[in-house]
Protein chains: 2
Amino acid sequence: MADSAHHPLALEQFLPYRLSIVSNTISQAIAADYQTRFDLSMTEWRVMAVLGRFPDVSAREVAERTAMDKVAVSRALARLVKSGRVIRETHDEDKRRSVLRLSEAGWTIHDEVAPQARAHETEFFAVLDAEERAWLLRILEKLSA
Amino acid sequence: MADSAHHPLALEQFLPYRLSIVSNTISQAIAADYQTRFDLSMTEWRVMAVLGRFPDVSAREVAERTAMDKVAVSRALARLVKSGRVIRETHDEDKRRSVLRLSEAGWTIHDEVAPQARAHETEFFAVLDAEERAWLLRILEKLSA
DNA sequence: ACGTTATAGTTTCACTTGAAACCATTTGCA
DNA sequence: TGCAAATGGTTTCAAGTGAAACTATAACGT
């Protein structure tokens, strides 16, 4: 069969693929920091970030806000509670639900990691000018819908 | 400790996070297709796409072009060779290297999946107008550097 | 030529992950 | 009330993953 009969996919120009490369590269670079410094996985950090912003939510709500599945959240929480970074209580009116918030130790880590994450964000997107950043925001907005 | 002392990260506005959500959503939607129809993992498909475009390369070059690590490539290739979708020979002048290409069966699958992948790409990015797509390309280009 | 170093690729091991099954509690409704 | 369905969360199981060790071959420097 002649090659000319085929239409190979130009992976290197394929948008979903390029998006995933860029995204993974950036995420991993950021994660590398707190993974080694705080023995904190990316999923754990995401959970902590949500709890920093929305204290006293349930595990389900954490899952929703992180776009992670509930199994991942359950495991991240188990580790975070065990290491004393998150406090888990039971909801007064619904004993199935947990009520989650950062402990003092959790806040300490949060307050070190959050500015670093923001600094990384700034650094990565510094190659873009203001106009490009604005477009990127707008584009991500549309793609998420 | 008063909450006002902290500066929680607004995950939902954090660019690396939003990028990863969009990227994963798109990749998984595309993968869902060929996973069930052809029992083909995303890594396997990526390897096949590279071999469609660059026949007779080595495993190392596949790894480079897919941005996957060599272990993942090795395993994907093992499965693809076993299922008769990829032909593996040994390089004439360097017996360490393999020389890889799609078999007839491999091409058949390739020629079904590739247009579907392109269709998905078109569909996803249809929410963007031409100007936005141009910006996105340019932005990804810069972020990859 | 010969030993060191580098490279291609595979295997092993410990860890992560998601789907499905599961348990406990609550809700909806006959 | 009482029982089926829904919900919050955890556990189990099978598969996927990367780092490091390993095998085989080639390249390099003396």
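So you know, we letter chains A, B, ... as the sequences are listed, proteins then strands, and number each from 1.
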So, using side-chain contact (heavy atoms from CB on, under 4.5 Å) as the criterion, who are the partners of A/Glu61 when residues are at least two apart?
A/Val57, A/Ser58, A/Arg65
The first and last nucleotides of DNA chain C lying within contact of chain A, meaning any atom under 4.0 Å from one of its heavy atoms, run from C/dT17 to C/dT26
Which residues, if any, of residues 22-37 of chain A bring a heavy atom under 4.0 Å of DNA chain C?
none
Would you say the side chain of A/Tyr34 lies within less than 4.5 Å of the side chain of A/Gln116, judging by non-hydrogen atoms?
no
For B/Ser144, all residues meeting side-chain contact (heavy atoms from CB on, under 4.5 Å), sequence neighbours excluded
A/Arg18, A/Val22
Treating primed atoms plus P, OP1 and OP2 as sugar-phosphate and everything else as base, which nucleotides of nucleotides 15-25 of chain D get B, S or - for protein heavy atoms under 4.0 Å?
--BBBB---BB
Sequence neighbours left out, what passes side chain to side chain donor-acceptor pair (under 3.5 Å) with A/Glu121? Give chain and number order.
none
Just jot down the side chain to side chain donor-acceptor pair (under 3.5 Å) partners of B/His110, sequence neighbours excluded, or say none.
none
Partners meeting side-chain contact (heavy atoms from CB on, under 4.5 Å) with A/Arg133 (sequence neighbours left out)
A/Phe125, A/Leu128, A/Ala130
Using distance only, find each side-chain donor-acceptor pair of residues 43-54 of chain A under 3.5 Å and give its atom names and separation, not counting sequence neighbours.
residue, atom, partner, partner atom, Å
A/Thr43, OG1, A/Ser41, OG, 3.0
A/Glu44, OE1, A/Ser41, N, 3.4
A/Glu44, OE1, A/Arg79, NH1, 3.0
A/Glu44, OE2, A/Arg79, NH1, 2.7
A/Arg46, NH2, B/Ser20, OG, 3.1
A/Arg53, NE, B/Glu12, OE2, 3.1
A/Arg53, NH2, B/Glu12, OE2, 2.9

Applying side chain to side chain donor-acceptor pair (under 3.5 Å) to A/Arg118 and not counting sequence neighbours gives none
Interatomic distance where CD belongs to A/Glu64 and P belongs to D/dT7 [whole Å]
12 Å
What residues form a side chain to side chain donor-acceptor pair (under 3.5 Å) with A/Arg75, not counting sequence neighbours?
none
State which residues pass side-chain contact (heavy atoms from CB on, under 4.5 Å) with A/Ala119; sequence neighbours excluded, sorted by chain then number.
none
Side-chain N or O of A/Ser98 less than 4.0 angstrom from OP1 or OP2 on D/dG9?
yes
